[in-house]
Amino acid sequence: MRALLVLWLLLLVSAAGAAQEPPPRDARGLLQWHLRLGPTDDPDELLRRAWVYQRAGAEGEAWAALERVAARRPDDPDLLRFRARLSAWDPSRWRAGLTDAERWMEEFGPSRSDAERGAVAEILDELRRRVAARDAVGEGRRARALAPLFALAVGLLAVAFASRRMRSEGP
């Protein structure tokens, strides 16, 4: 009986140690960690995995996990927070991340911890800056695209004026 109790305690301690395992630090560690996992539909576990994937630089896996969470809990505050942070690394998702961060601040910010609010505020500022910079570049690009048309119009007007003047002066 005593041996069974000791065995049970050792099993409990090893399970607690495995739960505290740090995230993988390199591609090999990530692959080993990923292969040990089984499939899951538990949103909390998927969010934990998304965090590990994000920390390890495996954005594709992180996005896949977040999409599975969104299918079950689309209004989850942690989902919005993770998506906003992950969006900062993908220029095609900056606007969506900005929307997620703004929504998180409005809906969940007042009831969450200072650390969470600070992290989301930081990413919100960064996404606002990036989106504004991209918009400014886009406006400049549009203005430069009109320059050749303007030059063509001025050239045509100059030719028309010159030909008219030549006709009026005659031979």
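Please read all numbers here as calculations on a predicted model, not as lab measurements. One is the number of the first residue; the rest follow in order along the sequence.
- Residue R68 holds its CZ atom at 13.5 Å from CG of L79, rounded to the nearest 0.5 Å.
- T40 pairs by the side chain to side chain contact (heavy atoms under 4.5 Å, CB included) definition with D42, E45, L46, R49, not counting sequence neighbours.
- Of all the heavy atoms in P43 and R72, the pair that sits closest is CD-NH1, 3.7 Å.
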Could you give me the CA-CA distance, side-chain angles and deciding distance for D135 and R95, then say whether side-chain contact (heavy atoms from CB on, under 4.5 Å) is met? CA-CA 11 Å; D135 289 347; R95 285 198 192 280; 2.4 Å; yes
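- Qualifying salt bridge (charged side-chain N to carboxylate O under 4.0 Å, His left out) partners for R128, counting only residues two or more places apart in sequence or in other chains: E102.
- For the side chain to side chain donor-acceptor pair (under 3.5 Å) test, residues two or more places apart in sequence or in another chain that qualify with R93 are D90.
- Every residue two or more places apart in sequence or in another chain was checked for a side chain to side chain donor-acceptor pair (under 3.5 Å) with S111, and none qualifies.
- Judged as a side chain to side chain contact (heavy atoms under 4.5 Å, CB included), and not counting sequence neighbours, A71 has no contacts.
- For E107, the salt bridge (charged side-chain N to carboxylate O under 4.0 Å, His left out) test picks out R103, with sequence neighbours left out.
- The salt bridge (charged side-chain N to carboxylate O under 4.0 Å, His left out) test applied to D78 returns R81, R112, not counting sequence neighbours.
- The minimum heavy-atom distance between A65 and A50, with the atom names listed, is CB-CB, 4.0 Å.
- Cluster partners of V131 are L80, W94, L98, W104, M105, F108, V120, I123, L124, L127, counting Ile, Leu, Val, Met, Phe, Trp and Tyr whose side-chain heavy atoms approach within less than 4.5 Å, directly or via other members.
- Residues passing the side chain to side chain donor-acceptor pair (under 3.5 Å) test with E126 are R129, R130, sequence neighbours excluded.
- Side-chain contact check for S87 versus W63: some heavy-atom pair is nearer than 4.5 Å.
- The shortest side-chain heavy-atom distance between D44 and R73 falls under the 4.5 Å cut-off.
- Rounding to the nearest 0.5 angstrom, the gap separating the CZ atom in F82 from the CD atom in Q54 is 7.0 Å.
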